[in-house]
Amino acid sequence: MYVRDLPLSDSVIDHYESLGIEELYPPQAEAVDAGVANGGRVVAAIPTASGKTFIAELAMLTADGPGLYICPLRALAREKYETFSALPGVSVGISTGDYDSPADELADHDIVVATSEKVDSAIRNGANWVADLACVVVDEVHLLGAEGRGPTLEVTLANLQRRAPGVQIVALSATVDNPEDIADWLDATLVESTWRPVDLRTGVYADGLVEFNDGTELTVDVDDGSTPNGADEDTEATVALVEDAVHNAGGQCLAFVRSRREAEALAERLAREGLATGASATVADDLTAVDGTSTGHRLADCVRDGVAFHHAGLRSTHRAVVETAFRNRYLAVICATPTLAAGVNVPARRVVVRDQQRYTGSSMEFLPVLEVHQMCGRAGRPHLDPYGEAVLVGDESSRAELDERYVDADPEAVESKLRDRTALTTHVLSIVATGFADSHATILEVLEATFYAHQTPVADLSGIVDDVTAELVEMGMLTEGTSETFTATDLGAQVSRQYVAPETGARIVSGLRRAAEMPAENVTGLTVLQLVADTPDMQDTYLGNRERAAMYQYARNHDAEFTVGMNDAEEFERWLETVKTARILYEWTEGETMETIVENYRIGPGDLESRVERTEWLLGAADALATLLDLDVPEIARVRSRL
DNA sequence: AAGAACGTGTTTTAGACAGCATGTC
DNA sequence: CTAAAACACGTTCTT
């Protein structure tokens, strides 16, 4: 099947042909056969890099009206926004938390790229462009099974269909065990394939030898001169595998490890192997220009030797520089935590997964098969490699287990997480606030359209809806009328629009009331920052044992400033963490440099950046709620302007 | 006596979406 | 109830 035979305009066909895209990949042809180019609903469960973007474009270009492309990450949204913008005669808009086309223009675009939360928010705020959509493409639908964000995605998809009945839905999934469940739910045709444009061989390394699943083998010379305890062996094997790929296979590598610290340690170890490229120094200079943090300096030093590390402790600019440099082949290796497994497109010749287990708060657990497969799937650069190689590092005792668990295994099934209480509370409130439902029965009706209801008999939802609505009434977010009818209160409506969890809204409200009663001189920047830090929508900040005593002292000295004092705190340890978060943010608003804060509180520059971002959002919500309740807390505005 | 080597108890551990209104190179 | 590796720090062993 050829591009020129598809129902596309001449200029679009020329565009594809100029990119060298003439004949469709097999999964793309299957999608066409399933009707993507004719308004048909399709679920495509195919590997990354097997041409999903083309399927998405095809659906949106042939649809009879505007298209919406939903994806899970902002960085991904940016990447797609740029790709779609290159299509001739197509106007593209973007809507994510950090980067937004003007809201009134969204309706005028042919394609809008957005994160799922942003789409959910648009629906909650009654955006009219949603109803006019002819086509919705959902990337990474398997995230339906993710705790926290999965429920948002399924409720959003259910609501979208309510607002735009009969829209064409095209869902793109990684290879999972039950794609037919998703296809069934969406009333779509399933296209399933494991075809890849570049072959992939996966294997396990143990004792100097990689045994690949295509029967081939690779001997690796491991320099085990250094003290051989378990960890060093894995690291040295990883070093040898990376070096071999770069020097002998002419390729770049990704190495996945368990923690940030180990990503950095491995990068520093690899920096001694002479992997620098001609452009390494330029990239290093770009990185140094971002900031003067020690993390930035260490990254630049590694990059000078052709090696980078990549994890969420890095600022987004640092991450973007590393990703781009790697794509341009200015870097030989990236040592990464799972950030890179599902993020933007960074294909490599060889992927080495050194650690397959991770601490989960209570014990070491094997990574999900899907996650390991996504890491491995990054191997194989189109037009550059004859095949990609993915290697799991193990030893003789674990070889068989790793083979069975990952190499030969199917990924997990996608299971709805909507039953989660917090998720239901949030979405039931939004369903009522948006006007999709006004009673127990109609709430159930809306929920019946979700993936959860599709997978599980609905009967047991009824009781939960009772509990959840009762809780929302108790919180003052809903009022109950006669015969189980519900209306959102002004507070409930505002909480839903501000996109904070009901629990967050309730905590902000009680904090604001308390602050309004406190002596004015006690209401400081720290007060409002701790107030928003002590909500479930703020991520907690790790409080190390070493700094606990000093933090306790600080909390005592400022106790009068907190809306919830140390004696009233329900969980003291968590409360003390919120004090740490607030203290960090307070110093930030007082003009302390990122370098100093990052040094003093032992957090990554990226951690500070993301907390500041969340604080902007949560203080915005606090401001809106204060106005609604007619509570005067001027510190909010002052702190907001200094973030 | 300096420094390497060893032993033991302690510390730490992945990721990342969202409001709203303006202004910028 | 469930782990493992790095680190900090003190002690012993070598030269």
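Given the structure is predicted, the values throughout are model-derived calculations rather than measurements. In what follows, chains are A, B, ... by sequence order, proteins preceding strands, each numbered from 1.
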So, does [X] use its side chain to make a donor-acceptor pair with the main chain of [Y] at under 3.5 Å?
X: A:Arg614; Y: A:Asp537; answer: yes
X: A:Arg611; Y: A:Leu585; answer: no
X: A:Glu412; Y: A:Val369; answer: yes
X: A:His373; Y: A:Tyr406; answer: yes
X: A:Arg354; Y: A:Asp234; answer: no

As an exercise, state the distance from CG of A:Leu266 to CZ of A:Arg261, rounded to the nearest 0.5 Å.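 Going from CG on A:Leu266 over to CZ on A:Arg261, the span is 14.0 Å.
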Roughly how far, to the nearest 0.5 Å, is CD1 of A:Ile334 from CG of A:Leu270? 12.5 Å
Considering heavy-atom distances to DNA chain B, does A:Tyr542 or A:Asp98 have its closest nucleotide positioned more toward the 5' end?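 Counting from the 5' end, the first nearest nucleotide belongs to A:Tyr542.
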Position toward the 5' end of DNA chain B (nearest nucleotide), A:Leu543 or A:Ser610: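 Taking each residue's closest nucleotide, the earlier one in sequence belongs to A:Leu543.
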How is [X] classified with respect to the nucleic acid when contacts are heavy atoms under 4.0 Å: base, sugar-phosphate, or nothing?
X: A:Gly148; value: nothing
X: A:Arg602; value: sugar-phosphate
X: A:Arg611; value: nothing
X: A:Arg614; value: base
X: A:Gln357; value: nothing
X: A:Thr339; value: sugar-phosphate

N/O (side chain, [X]) to phosphate O (OP1/OP2, [N]) under 4.0 Å:
X: A:Ser259; N: C:dA5; value: no
X: A:Thr152; N: B:dA18; value: no
X: A:Thr96; N: B:dC17; value: no

Name all residues meeting the salt bridge (charged side-chain N to carboxylate O under 4.0 Å, His left out) criterion together with [X]; count only those two or more places apart in sequence or in a different chain, and write none if there are none.
X: A:Arg315; result: A:Asp291, A:Glu609
X: A:Asp98; result: A:Arg74
X: A:Asp607; result: A:Arg260
X: A:Glu404; result: none

A:Ser362 vs A:Glu262, nearer the 5' end of DNA chain C by closest nucleotide: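 Comparing both residues, the 5'-ward one is A:Ser362.
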5'-most by nearest nucleotide on DNA chain C - A:Gly361 or A:Arg258: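 Between the two, 5'-proximity favours A:Gly361.
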Output the single nucleotide from [options] whose closest atom is nearest the side chain of [X].
X: A:Gln498; options: B:dA16, B:dC20, B:dC17; answer: B:dC20
X: A:Ser363; options: B:dA18, C:dA3, B:dG15; answer: C:dA3
X: A:Arg260; options: B:dC20, B:dA14, C:dA3; answer: B:dA14
X: A:His311; options: B:dC17, B:dG19, B:dG15; answer: B:dG15

With the threshold set at under 4.0 Å for non-hydrogen atoms, list the residues of residues 572-582 of chain A touching DNA chain B in residue-number order.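 None - not one residue of the stretch has a heavy atom sitting under 4.0 Å from the strand.
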Could you list by number each residue of residues 617-642 of chain A showing a heavy-atom separation from DNA chain B of less than 4.0 Å, or answer none if no residue does?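 By residue number: A:Trp617, A:Gly620, A:Arg640.
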Any side-chain donor-acceptor pair under 3.5 Å between A:Thr527 and A:Glu635?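 A:Glu635 and A:Thr527 do not have a side-chain donor-acceptor pair below 3.5 Å.
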Looking at [Y] and [X], is there a salt bridge between them, counting it only when a charged N and a carboxylate O are closer than 4.0 Å?
X: A:Glu154; Y: A:Lys417; value: no
X: A:Arg399; Y: A:Asp207; value: no
X: A:Asp540; Y: A:Arg574; value: yes

Answer yes or no for this row: A:Tyr359 ring on C:dA3 base, centroids under 5.5 Å, planes under 30°.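 Stacking between A:Tyr359 and C:dA3: present.
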In whole Å, what is the span from the [atom1] atom of [X] to the [atom2] atom of [N]?
X: A:Arg261; N: B:dT13; atom1: CZ; atom2: P; value: 7 Å
X: A:Glu147; N: B:dA14; atom1: CD; atom2: P; value: 18 Å
X: A:Arg124; N: B:dG19; atom1: CZ; atom2: P; value: 9 Å
X: A:Leu266; N: C:dA5; atom1: CG; atom2: P; value: 15 Å
X: A:Gln374; N: B:dG15; atom1: CD; atom2: P; value: 15 Å

Sort and list the pairs that fulfil side chain to side chain donor-acceptor pair (under 3.5 Å) and have at least one residue in residues 488-497 of chain A, not counting sequence neighbours.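 Output for this query lists A:Gln494-A:Gln498.
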Pairing residues for A:Asp395 by the side-chain contact (heavy atoms from CB on, under 4.5 Å) criterion, not counting sequence neighbours: A:Ser397, A:Ser398
Only counting residues at least two apart or in another chain, list the ones meeting side-chain contact (heavy atoms from CB on, under 4.5 Å) with A:His142.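 Listed in chain order: A:Glu140, A:Ser173, A:Ala174, A:Val176, A:Leu370, A:Gln374, A:Val414.
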Could you list the protein-to-nucleotides 7-10 of chain B atom pairs, N/O on both sides, closer than 3.5 Å?
none

Stem list, DNA chain B (Watson-Crick or G-U pairing under 3.5 Å, at least 3 consecutive pairs):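 When the pairs of DNA chain B are grouped into runs of at least three, the stems are B:1-13 with C:3-15.
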Close N or O pairs between protein and nucleotides 21-24 of chain B (under 3.5 Å):
none

